[in-house]
Amino acid sequence: MEDSKKTLNFIEEIIEEDIRNGKHGGRVHTRFPPEPNGYLHIGHAKAICLNFGLAVKYKGKANLRFDDTNPVTEDTEYVEAIKTDIRWLGFDWEDREYYASDYFERLYQFALQLIDTGKAYVDDSSSEEIAAMKKGPTEPGIESPYRNRSADENHQLFLRMRAGEFPEGSKVLRAKIDMTSPNMHLRDPLLYRILYKEHHRTGNKWCIYPMYDFAHGQCDSIEGITHSICTLEFENHKPLYNWFIRELGIFPSQQYEFARLNLSYTVMSKRKLLKIVNEGLVEGWDDPRMPTIAAFRRKGYTPASIRNFASLVGVAKRDNVIDLSLLEHSVREDLNKIALRMMVVKDPLPVTLTDYKLNGELVEIENNPEDESQGTRPVTFSRNLLIEREDFMEDAPSNFFRLKPGGMVRLKGAYIILCNEVVKDAHGRILELKCSHIPESRSGNDHSGIKVKSTIHWVDAGTSIDVELKLYDRLFRVEDPNGEDDFMQFINPESLEIVKYARAEAALQKPDPGKHYQFVRLGYFKLDHGFRDGVPVFNRTVTLKDGWAKSKHKSN
Ligand code: ATP
Ligand code: MG
């Protein structure tokens, strides 16, 4: 979407070759097939951008298909969340919202077809026995004693499995392929198991459920998917999918594998994310520390920044780990253009301008220095101000250019001030700075002739308001928590810092929930779920410092 002039990735090369050869009449049809057993994460975002992006680029179609073959872990909450996230990312499946469960009857007929042609059989062995007979990849497996049942007997047994005549785990349906194959997936894989579980869509209609491997490829064929794109771990399953296509004589969807997206300082498996949620280490799936799309949205990432990240990462054939800072870089690039600048003081230190005689005045401050068209806003300035405590230093080294005793600094959009006196309490804590201002130095009309090295932000003490800031750090302390057995022990205990009473320009009393803000020097922020006791609560989307751009600059 963002960058069509880039060189083609390997999947685009295949597609363009197929179009040139008139394969499937030049038709391009992809799908995104989530299992509704958790919220979508940034890895899924990558797969969504790829599948829907290809459809857009080649004027094809992309389906949304819920791979809901496992009634145990799936839920409609997840179905709704997944749809919200894909729409938010900017993609549209039009009327093509499909469910593997919609195809249960057809999959069942496919199974009967295999049974009737002698290509599938009902096995009464236990799951332990089946696993033992499969053996390992270095030695041939053993055929099940039930393998040579007649087609008729298998047909009858399978009907009875469906009718609920057998207990769970007592029988399975297996494909009859090759117990000696070096590819373990071809050693008579399971096609159906008995499960007396209610399904979130089909209710209690079924007590046999297809295995993922039997459902996935056939669903692609039913939908006429031309390019079935999945992650590398399914490469070994492809011979099985192709076997089904051949034996059933169905539409030959072709599978292509690309490398999963992995991000540093993050886990990405839904099972692990669910554990973090269930153990209460975060507020929920959309806690801004999570790598989910819902969390990124709440935190203030934009859809464009995620799409752009997906395009920067590209489509790889080998597994790799992408630096979290690349994602943050992409977010900053977008926010820098659109965010409204505001002044917020995180740790306020009072400043009194002893020589300021006016009753206050309005100064005009630019809304976005990157974009003049965003204009300016009036901000109240007065004798009593608040500055950032860290912007003052009493015993400052010579390279400290912010405020120090006897030193001068510019207040953004206003005047140059001079620090004359430091007021402390009995314990030596600084309570207040007494300063004077240079009336001729007003921003926009400065004829003071004075040059200062630094500009600092401030708010007016009288009109500013309280805001709460939630500042996030990485969820994990180590770069690759996935490599660790017990990933939970590497959770960063300091991943959330709450600043309960920062002080902000009065305009933030009515923040726009849809808007992205840059609080000068503190980072980009977005309103969280709203207010706490009348105080607006903001999530820090990302800090201003761009580690990625810097390191790129260095290496150039
Ligand atoms: P998880 O391991 O997180 O549970 P999954 O592969 O089981 O992921 P699915 O719901 O089956 O989750 O995934 C839907 C689609 O998203 C699949 O086509 C899968 O290949 C793709 N996908 C999942 N994780 C990633 C990832 N990290 N990078 C790229 N694509 C991914
Ligand atoms: Mg999966």
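Just follow the structure's listing: the first ligand is 1, and inside any ligand the first atom is 1.
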- With atoms numbered from 1 as shown, which atoms in ligand 1 lie under 4.0 angstrom from a non-hydrogen atom of Thr231? 20 (O), 29 (C), 30 (N), 31 (C)
- Message: Test of understanding: with side-chain contact (heavy atoms from CB on, under 4.5 Å), list the residues that count as partners of Asp18, not counting sequence neighbours.
- Response: Ile14, Lys23, His227, Tyr256
- Query: Any side-chain donor paired with an acceptor under 3.5 Å for His237 and Asp213?
  - Reply: yes
- Query: side-chain hydrogen bond (donor to acceptor under 3.5 Å, both in side chains) with Gln518: which residues, sequence neighbours excluded?
  - Reply: Tyr524
- Message: Test your reading of the model: is there a side-chain donor-acceptor pair from Ser305 to the backbone of Thr302, 3.5 Å cut-off?
- Response: yes
- Item | Nitrogen or oxygen atoms of Ile229 and ligand 1 under 3.5 Å apart | no
- Enumerate the atoms of ligand 1 whose separation from the nearest heavy atom of Pro33 is less than 4.0 angstrom. 14 (C), 18 (O)
- Can any side-chain N or O of His24 pair as donor or acceptor with the backbone N or O of Gly26 at less than 3.5 Å? no
- Message: Is there a polar contact between ligand 1 and Lys46, counting only N or O atoms under 3.5 Å apart?
- Response: no
- Indicate yes or no: does Glu105 engage Arg162 in a salt bridge with an N to O separation below 4.0 Å. yes
- Message: So for ligand 1, is Gly43 a polar contact partner (N or O within less than 3.5 Å, distance only)?
- Response: yes
- Look at ligand 1 and say whether Phe234 reaches it with a heavy atom at a distance under 4.0 Å. no
- Message: Pairing donors with acceptors under 3.5 angstrom, does anything connect the side chains of Gln254 and Tyr241?
- Response: no
- Query: Short N/O distance, under 3.5 Å, between Glu35 and ligand 1?
  - Reply: yes
- Message: Below 4.0 Å, non-hydrogen atoms only: which portion of His41 touches ligand 1? Side chain, backbone, both or neither.
- Response: side chain
- Judged by atom type as modelled, is there a donor-acceptor pair below 3.5 Å linking the side chain of Gln255 to the main-chain atoms of Phe234? yes
- Task: Would you mind finding which of Arg260, His44, Lys270 brings a heavy atom closest to atom 16 (O) of ligand 1?
- Result: His44
- Task: With heavy atoms of Phe258 as the reference, note each atom of ligand 1 found under 4.0 Å away.
- Result: 29 (C), 30 (N)
- Message: Under a 4.0 angstrom heavy-atom cut-off, which atoms of ligand 1 come close to Ala47?
- Response: 16 (O), 21 (C), 30 (N)
- Would you say Phe32 has any N or O atom under 3.5 Å from an N or O of ligand 1, going by distance alone? no
